[in-house]
Amino acid sequence: MLNIVLFGPPGAGKGTQSQFLVERFGLVHLSTGDIFRRNIKEGTELGQLAQKYMNEGKLVPDEVTINMLKAELEKISNPKGFIFDGFPRTEAQAQALENLLDAMNTAISAMIALEVPEEELKKRLADRAKTSGRADDADPAVIQKRIDVYNAETLPVKHYYEKIGKYRGINGQGSIEEVTQRLIEVINTLH
Ligand code: ADP
């Protein structure tokens, strides 16, 4: 299996790039943010719980997020591989993901990070707010909070994969096609 963690701060382009990688490599896209938003739309208990955290730019608690991801993984039979987008966001989530994949006799092939400077992220998120309808994109204070949470809680996950030799960083600036090309080049070195 080819299992990619697509990593990067809010606005780095993880969702956009995932769509191309799904087509190109036949992978299953699992975005924890998308799954939470689907639950919010459907008015589930999980959605109601997650919404409070998301609107404030905070992380949904690990236990809730990990259980949700586990349930999603169990729904999929015979995948060629996964793109994890927005997960893992904490070291506890990274450890949980390792255990879940291990139980499926597979592992993360690589974490690929989209590197984008903070000023560019803020511009992209403010732009996205015009069309996304996402409350967490519309408020600059919430955008700043998400970037701060990323730096404090999520960046350590990079070291988790660096230590096991699975971290690859690429430049996330340039056109969408240029970034896709860089991703494909890295993925082609993995198998
Ligand atoms: P972005 O990368 O632009 O912040 P996401 O859709 O990935 O957008 O995440 C939106 C929000 O959903 C996060 O700010 C957080 O509240 C919640 N969320 C998503 N994934 C996770 C996760 N793995 N752990 C905890 N919270 C998460």
Side-chain angles (χ1 to χ4, degrees), residues 3-19 21-22 28-42 44-73 82-101 108 111-158 160-161 172-173 176 179 183:
N3 299 310
I4 307 289
V5 173
L6 199 53
F7 192 71
K14 302 183 294 288
T16 304
Q17 294 299 332
S18 290
Q19 294 171 13
L21 299 181
V22 162
V28 175
H29 179 215
L30 285 180
S31 156
T32 41
D34 285 353
I35 303 168
F36 284 132
R37 279 186 289 276
R38 197 178 70 215
N39 275 278
I40 291 171
K41 232 196 225 155
E42 292 170 355
T44 68
E45 209 173 305
L46 174 65
Q48 283 169 17
L49 188 148
Q51 189 165 31
K52 286 188 298 187
Y53 295 95
M54 292 170 78
N55 286 349
E56 291 177 18
K58 295 178 183 162
L59 294 184
V60 178
D62 278 339
E63 202 196 337
V64 175
T65 307
I66 290 165
N67 285 335
M68 176 183 83
L69 187 90
K70 181 170 185 278
E72 290 293 319
L73 280 176
F82 294 103
I83 301 180
F84 297 98
D85 160 6
F87 185 96
R89 260 177 155 95
T90 63
E91 287 188 88
Q93 292 180 16
Q95 186 63 59
L97 181 61
E98 191 171 323
N99 296 343
L100 288 170
L101 293 179
I108 290 300
M111 161 182 272
I112 312 179
L114 301 173
E115 292 165 351
V116 179
E118 191 167 315
E119 284 317 304
E120 169 81 12
L121 297 174
K122 288 182 187 161
K123 261 192 253 153
R124 289 187 188 180
L125 291 171
D127 258 356
R128 187 168 80 183
K130 295 174 194 153
T131 54
S132 70
R134 280 177 53 172
D136 61 345
D137 286 344
D139 182 344
V142 175
I143 290 179
Q144 187 62 54
K145 174 74 181 170
R146 283 154 67 203
I147 293 174
D148 292 347
V149 166
Y150 172 82
N151 287 328
E153 297 181 53
T154 303
L155 215 43
V157 180
K158 166 178 170 175
Y160 182 96
Y161 289 96
Q173 288 187 288
I176 291 176
V179 177
L183 281 167

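Note that the numbering runs from 1 along the sequence shown for the chain. Quick caveat, the model's predicted, so the values are computed rather than measured. In listed order, ligands and their atoms are each counted from 1.
Among residues two or more places apart in sequence or in another chain, the salt bridge (charged side-chain N to carboxylate O under 4.0 Å, His left out) test is passed with Lys70 by Glu74.
Residue-level contacts of ligand 1 at the 4.0 Å heavy-atom threshold are Pro10, Gly11, Lys14, Thr32, Gly33, Phe36, Arg37, Met54, Lys58, Leu59, Val60, Thr65, Gly86, Phe87, Arg89, Gln93, Arg128, Arg134, Asp136, Arg146.
The 12-atom threshold is exceeded at CD of Glu42, counting heavy atoms of other residues, nucleotides or ligands nearer than 6.0 Å.
Minimum heavy-atom separation, Arg38 to Glu72: NH2-OE2, 3.2 Å.
Looking at Tyr160, Phe87, Tyr161, Tyr150 one by one, the single match for ring-ring contact (aromatic ring centres under 6.0 Å, His included) with Phe7 turns out to be Tyr150.
Contact check on Glu119 versus Lys123 returns no salt bridge, with no Lys/Arg side-chain nitrogen under 4.0 Å from an Asp/Glu carboxylate oxygen. Between Arg146 and Asp139, no side-chain nitrogen of the basic residue sits less than 4.0 Å from a carboxylate oxygen of the acidic one, so the salt-bridge criterion is not met.
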